[in-house]
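See below for the structure under consideration.
Throughout, residue positions are numbered sequentially from 1 according to the sequence presented.
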Amino acid sequence: MLEKKSVKTNITRKTAIILLAAGKSTRFAGGNKLSQDLSGVPLLTHCYNNIKYSKVAQIVVVSSQENLKQAETLSNPYPKIAFVEDNELGIGHSISIGMGFIREEISSVVICLADMPLITNVHIQLLLDANKTSYFNQIHRLYDVNNMFGHPILFNSYYFPKLKRLNGDQGAYDITLNNKDLINIIKVNNLSVSTDIDTDKDLDNLIL
């Protein structure tokens, strides 16, 4: 297979996380959802803190103007901030912008969403372990207890050119749709990977 030919087991593999924080919060009546308080910190900060100690080489936070001030306060470790000037161009555009900040030595990326407060470094490690087991091949995606696909998703370098060309509101959906046979499904026994905050009600009903 094409991907397997690209695998070199004698080199150190490095992964980056791209945390997407450039959405428009159109369904959240209370304003900017990533600024809403959750356990004493804004939602974006909460989500970043949950994953910042993952065993990755780099974290890139893709931020719109309205979240930029908060993104710049994230620390220990400090992420790379990728600014999206026009978030009207959709999540695909945000991923493309984030890919532009990935360091040259990175061989896989984990795409995370900054409105998923139950995602932690444990979920990231599930992806990293599965990627290592598959010899750094395939797309690795988390599914919830009800077999609903979720986030985050890990892509290896074979998909980097496609990720860099994304635009619009579909994100990486077409990449996963067109490569179903290369998706490694990783199931968790709860709803953490499919729980996001889109509306005020979602936040009110959230149980941490």
Could you measure the distance from the CG atom of Asn189 to the CG atom of Asn146? Nearest 0.5 Å is fine. 11.5 Å
Indicate yes or no for a side-chain donor-acceptor contact from Ser96 to the backbone of Gly92 under 3.5 Å, with no hydrogens or angles considered. no
For Ser194 against Met116, the heavy-atom pair lying closest together: N-CE, 4.0 Å
Ile186 and Leu126 have their tightest heavy-atom pair at CD1-O, 3.9 Å
Quick one: are Leu74 and Thr45 in side-chain contact, heavy atoms under 4.5 Å? yes
Can you list every side-chain hydrogen bond (donor to acceptor under 3.5 Å, both in side chains) pair that touches residues 53-64, not counting sequence neighbours? Ser64-Asn67
Can you find a pair of side-chain heavy atoms, one from Phe155 and one from Ile18, that are under 4.5 Å apart? no
What's the verdict on side chain to side chain contact (heavy atoms under 4.5 Å, CB included) for Leu89 and Asn167, showing C-alpha distance, side-chain angles and the deciding distance? CA-CA 7 Å; Leu89 296 177; Asn167 57 66; over 6 Å; no
For Arg13 and Ser107, indicate whether the former's side chain and the latter's backbone hold a donor-acceptor pair under 3.5 Å. no
Does the side chain of Ile139 come within less than 4.5 Å of Asn184's, by heavy atoms? no
Are the side chain of Gln65 and the backbone N or O of Glu85 linked by a donor-acceptor pair below 3.5 Å? no
Taking all non-hydrogen atoms of both residues, which atom of Val84 and which atom of His93 are closest, and how far apart? CG1-CD2, 3.9 Å
Is the shortest side-chain heavy-atom distance between Asn50 and Asn121 below 4.5 Å? no
What I'd like to find out is whether the side chain of Leu128 reaches to under 4.5 Å of the side chain of Leu154, using heavy atoms alone. yes
Would you say the side-chain atoms of Ser134 and His140 include a donor-acceptor pair closer than 3.5 Å? yes
Measure from the side-chain N and O atoms of Glu105 to the backbone N and O of Lys14, and report whether any donor-acceptor pair falls under 3.5 Å. no
Could you list the residues that satisfy side chain to side chain contact (heavy atoms under 4.5 Å, CB included) with Cys47, not counting sequence neighbours? Leu43, Pro117
With distance as the sole criterion, is a donor-acceptor pair present between the side chains of Asn131 and Asn156 under 3.5 Å? yes
Report yes or no: is the cationic atom of Lys80 (NZ for Lys, CZ for Arg) closer than 6.0 Å to the six-membered ring centre of Tyr78, at no more than 45° off its axis? no
From OH (Tyr48) to CD1 (Ile17), nearest 0.5 Å: 8.5 Å
To the nearest 0.5 Å, how far apart are CD1 in Ile185 and CD in Gln138? 10.5 Å
Would you mind writing out the side-chain donor-acceptor pairs for residues 168-179 within the sub-3.5 Å range, not counting sequence neighbours?
residue: Thr176; atom: OG1; partner: Tyr173; partner atom: O; Å: 2.7
residue: Asn178; atom: ND2; partner: Asp174; partner atom: O; Å: 3.0
residue: Asn179; atom: ND2; partner: Ile175; partner atom: O; Å: 2.7

If we ignore angles and hydrogens, is there a donor and acceptor under 3.5 Å between the side chains of Ser192 and His123? yes
Find the distance between CG (Asp202) and CG (Asp204) and round it off to the nearest 0.5 Å. 9.0 Å
Can you tell if the side chain of Ile91 reaches within under 4.5 Å of the side chain of Leu113, non-hydrogen atoms only? yes
Please step through side chain to side chain contact (heavy atoms under 4.5 Å, CB included) for the pair Leu19 and Ile51, ending with a clear verdict. CA-CA 10 Å; Leu19 182 64; Ile51 64 170; 4.2 Å; yes
If you round to the nearest 0.5 Å, how far is CG of Asp198 from CG of Leu203? 11.5 Å
Provide the closest heavy-atom pair for Ser94 versus Val62 in the form atom of the first, atom of the second, distance. O-CG1, 3.6 Å
Check: Leu38 and Leu208 side chains under 4.5 Å, non-hydrogen atoms: yes
Assess the residue pair Ile124 and Cys112 against the criterion (side chain to side chain contact (heavy atoms under 4.5 Å, CB included)); give the C-alpha distance rounded to whole Å, side-chain angles, the decisive distance to 0.1 Å, and a yes or no. CA-CA 9 Å; Ile124 304 300; Cys112 291; 3.8 Å; yes
Can a donor-acceptor pair be found, under 3.5 Å and without considering hydrogens, that links the side chain of Ser75 to the backbone of Pro77? no
Can you tell me how far apart CZ (Arg141) and CZ (Phe149) are? Round to the nearest 0.5 Å. 5.0 Å
So do Tyr143 and Val188 actually touch side chain to side chain, heavy atoms under 4.5 Å? no
Salt bridge flag under 4.0 Å for residues Lys187 and Asp144: no
On a heavy-atom basis, the closest approach of Thr15 and Ser108 is OG1-OG, 2.6 Å
Starting from the C-alpha separation in whole Å, work towards a yes-or-no answer on side chain to side chain contact (heavy atoms under 4.5 Å, CB included) for Leu118 and Leu206. CA-CA 9 Å; Leu118 303 182; Leu206 180 67; 4.2 Å; yes
Shortest non-hydrogen contact between Val110 and Pro152, atoms and distance: CG1-CB, 3.5 Å
